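Here the structure comes first, spelled out in structure tokens, and everything after it is commentary.
Quick caveat: nothing in here was measured; it's all calculated off a predicted structure. We number each residue from 1, following the sequence as shown.
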Amino acid sequence: MSVNKYDIVIVGAGFAGLYMLHRVRAMGLSARVFEAGGGVGGTWYWNRYPGARCDVESMQYSYQFSDALQQEWEWTERYAAQPEILRYAEHVADRFDLRRDIVFKTRVLAAIFDEASGDWFIDTDNGARTTARFCVMATGCLSVANIPRLMGQDSFAGAIYHTGMWPHAGVDFTGLRVGVIGTGSSAIQSIPVIAQQAAHLHVFQRTPNYMVPAHNRPLDPEVQRAVKTNYVSLRQRAKNNRAGIDFHYNDVSVLAVAPEERQREFEARWAEGGFSFFGVFSDVLLDPEANEIAAAFIRGKIREAVRDPKLADMLSPRNIFGCKRLCVDTGYWQTFNRPNVTLVDISATSIEAITREGLRVGGSTYDLDAIVFATGFDAMTGSLLKIDVRGRAGASLREKWHDGPRSYLGLAMAGFPNLFTITGPGSPSVLTNMLPSIEQHVEWIADCLAYLSRHGHRQLEPDIAAEDAWVSHAGDIAGQSLRGTCSSWYSGANIAGKPRVFMPYIGGFPAYVKKCEEVVANGYDGFVLS
Ligand code: N01
């Protein structure tokens, strides 16, 4: 077996892997990136379903490490669609000449720490072994598709798709009878688009979702110019926001104001669109009564949008608002006014089987030509646990995380020296704008590598006590939020047998960054350096 040696191996060429590569190369380190896909972009390489679009505004869902880059790139819409974001990732790869260190169509199967040499051995599906002193997992939070095992899947005469593994050539649903399973973010974006093509669309809904409008529109060049002129202050305001997105958090309780004022505030956020709705009042994610007021407002919007009151009722969520990830939509509820769209409630009678003709639910068969699984991902841990990661004494990450992920700051794990995770479980990651969270992690890791080199250290790993304390702190604050109270992918509830642990750090981006900075200021407090 041939062996290639580098200073650092990076797994994944999405936004995290690309920037990590750029940073370590600038430090003079040799690096190899392995990427399973045929191109860069990660999530945006795979998720090509109709209507795929980011629900963080494009001027903010973008890198800020290079002012030249953020000044020269022109976004065309308030919320960029998948093809544009993919073009942006490709532009970054070309602009910084990153491709020459990326090996595409190569999946990492194992990462094994060798105590004798202090190196990581990386094995891929192309046979060659690579060794490196450092290994960075830039594997993404939502990259392993969840496809429920349904009886009869192989017997279906039509085509089956998953939103996260969409054919690159696209799919033409014109004239077809289509079934979409799921009503999360991927489903609610694709359903309005598929409905315009399909002869008939059946939506199989297990849990209705809350959504807020995107109010997407072309980006006015004047607005874009103004943002670019003041980019530094916009980015700074975003960094001071819990979600890493620039919007105002109202510090007033919804319970403290009169109904007219409540309505005014809710309507103002609705008119603004997007995630700023979370900032409407201080307690909507903390207090059940406050939460119900926000939920009732959205249910009112559903009744306005959907003509048939019975259908509006079926589409109305009753669970905690914001517990499952909030969706940002464009014409989702209105789509159900179309004569060619049927909502099938599967909350009480789950899908029994896939047959040759379609789906069987509650004894009825729905004849279909195509089935779209919009059923989400084995989030946060899935992509890491797919790789056979072994640390000291051959101990496996799968064993360490048997009862749920454990890490220090979502950046590193005790027993796994010189291994880093970008936006790993235990960091704010998916509760924030991913781009600034990725940049913060990449820069922390790069600074850490520079520190090790400056001080003549070869190894760093979290102290188990520091890791335990972080896990315990993250669990405690998750327990104080209403977000931890429902079945969501945040807590692993969407995957059978997965331990129920609220995985992202809920304490907010500014508090988390402060903690990371304190760790550094105190000589990598909580880490063992050797
Ligand atoms: O997946 P999801 P997603 N039978 O897990 C249902 C990001 N994202 O791909 O709620 C029937 O949210 C499931 O039902 P239930 C974003 O972070 C971002 O849509 O478990 N139904 C649910 O309705 C997002 O949150 C963007 O009862 C089944 C749906 O499938 C995350 O990715 C765009 C089922 C899955 O929803 C994941 O979103 C898209 C079964 N056996 C995604 N199993 C943007 O930035 C699951 N379901 C815009």
Between the side chains of R235 and E439, is the shortest nitrogen-to-carboxylate-oxygen separation below 4.0 Å, so that they form an ion pair?
no
Could you walk me through whether Y63 and L435 pass the side chain to side chain contact (heavy atoms under 4.5 Å, CB included) check?
CA-CA 6 Å; Y63 288 121; L435 265 286; 3.7 Å; yes
Between R299 and E292, is the salt bridge (Lys or Arg N to Asp or Glu O under 4.0 Å) condition met? List the steps.
CA-CA 10 Å; R299 288 196 288 268; E292 175 52 26; 2.3 Å; yes
Which atom names give the shortest non-hydrogen contact between A89 and G41, and what distance separates them?
CB-CA, 3.9 Å
Would you check if the side chain of R269 reaches a backbone N or O of S276 as a donor-acceptor pair within less than 3.5 Å?
yes
CZ-CH2 distance between F377 and W489, expressed to the nearest 0.5 angstrom
9.5 Å
For a 4.5 angstrom cut-off between non-hydrogen side-chain atoms, does T432 reach Y505?
no
Compute the centroid of each ring, for Y19 and then for H441, and state whether the two points are separated by less than 6.0 Å.
no
Under the side chain to side chain contact (heavy atoms under 4.5 Å, CB included) criterion, do D447 and R23 qualify, and how do the steps go?
CA-CA 10 Å; D447 290 348; R23 283 303 288 237; 4.0 Å; yes
Determine the interplanar angle of the F297 and F266 rings, folded into 0 to 90°, and report it as parallel if under 30°, tilted if 30 to 60°, perpendicular if over 60°.
parallel
For K228 and M59, the nearest pair of non-hydrogen atoms, with its separation, is CG-CE, 4.1 Å
Kindly compute the distance separating CH2 (W333) from CE (M211), expressed to the nearest 0.5 Å.
5.5 Å
Please find the pair of heavy atoms, one from S427 and one from G424, that lie closest to each other, and give the distance.
OG-O, 2.8 Å
State the CZ-OG distance between R206 and S347, to the nearest 0.5 angstrom.
10.0 Å
Spacing of I293 atom CD1 and R262 atom CZ [to the nearest 0.5 Å]
4.0 Å
Within the supplied structure, the quantity of interest is the number of heavy atoms (other residues, nucleotides, ligands) at a distance under 6.0 Å from R392 CZ; does it exceed 12?
yes
Do the side chains of L460 and N418 get nearer than 4.5 Å, heavy atoms only?
yes
Whether the side chain of W270 engages the backbone of V212 through a donor-acceptor N/O pair (distance < 3.5 Å, no angle test) should be reported.
no
With a 4.5 Å heavy-atom cut-off, do R483 and L431 have their side chains touching?
yes
Any Lys/Arg nitrogen of E518 or K515 sitting under 4.0 Å from an Asp/Glu carboxylate oxygen of the other?
no
Close side-chain approach of V92 and H22, heavy atoms under 4.5 Å
no
Derivation and outcome, ring pair (Phe, Tyr, Trp, His ring centres under 6.0 Å), residues W444 and F527
CA-CA 14 Å; W444 193 96; F527 285 95; 5.6 Å; yes
Looking only at heavy atoms, what is the nearest atom pair of V180 and A187, with distance?
CG1-CB, 4.2 Å
Does the ring center of F275 lie less than 6.0 Å from the ring center of F247?
no
Hey, is the main chain of P499 close enough, under 3.5 Å, to the side chain of D403 for a donor-acceptor pair?
no
CG (N216) and CG (D329) are apart, to the nearest 0.5 Å, by 11.5 Å
Measure from the side-chain N and O atoms of S491 to the backbone N and O of V501, and report whether any donor-acceptor pair falls under 3.5 Å.
no
May I have the step-by-step check of side chain to side chain contact (heavy atoms under 4.5 Å, CB included) for S62 and W73, ending in yes or no?
CA-CA 10 Å; S62 51; W73 183 263; over 6 Å; no
Distance-only side-chain donor-acceptor flag, Y408 / E461, under 3.5 Å:
no
Can you check side chain to side chain contact (heavy atoms under 4.5 Å, CB included) on F113 and L419, steps first, answer last?
CA-CA 9 Å; F113 181 67; L419 179 80; over 6 Å; no
Can you tell me how the ring of Y490 sits relative to the ring of F502, calling it parallel under 30°, perpendicular over 60° and tilted otherwise?
tilted
Polar side-chain atom of N230 near backbone of S233 as donor-acceptor pair, under 3.5 Å
no
With rounding to the nearest 0.5 angstrom, report the CG to OG1 distance, L397 to T421.
9.0 Å
Do F278 and R242 have side-chain heavy atoms sitting under 4.5 Å apart?
no
R53 and side-chain hydrogen bond (donor to acceptor under 3.5 Å, both in side chains): which partner among E84, Q82, E77, Q189?
E77
Short question: side chain of R325, backbone of G322 - any donor-acceptor pair under 3.5 Å?
no
Give me the atom names and distance for the closest heavy-atom approach of P425 to T381.
CG-CG2, 4.2 Å
With a cut-off of under 6.0 Å to the ring centre and 45° to the axis, is R48 in cation-pi contact with Y45?
yes
If you define the side chain from C-beta out and look only at heavy atoms, does anything of D55 sit under 4.5 Å from Y61?
no
Answer yes if the ring centres of H473 and W470 are under 6.0 angstrom apart, and no otherwise.
yes
Test your reading of the model: is there a side-chain donor-acceptor pair from Q205 to the backbone of M314, 3.5 Å cut-off?
yes
Verify whether the ring centers belonging to F277 and F321 lie closer than 6.0 Å.
yes
Would you say V389 and M137 make side-chain contact, with heavy atoms under 4.5 Å?
yes
Over all atoms of both residues, closest heavy-atom pair of N209 and G184:
ND2-CA, 3.6 Å
More than 12 heavy atoms from other groups under 6.0 Å of CD on Q459:
yes
Sub-3.5 Å donor-acceptor pair from the side chain of T335 to the main-chain atoms of G331, do we have one?
yes
Would you check if Y524 and C448 make a side-chain contact, meaning some heavy-atom pair closer than 4.5 Å?
yes
Report yes or no: does N494 contribute a side-chain atom to a donor-acceptor pair with the main-chain N or O of S488 at less than 3.5 Å?
no
Check: L409 main-chain N/O paired with Y512 side-chain donor or acceptor under 3.5 Å
yes
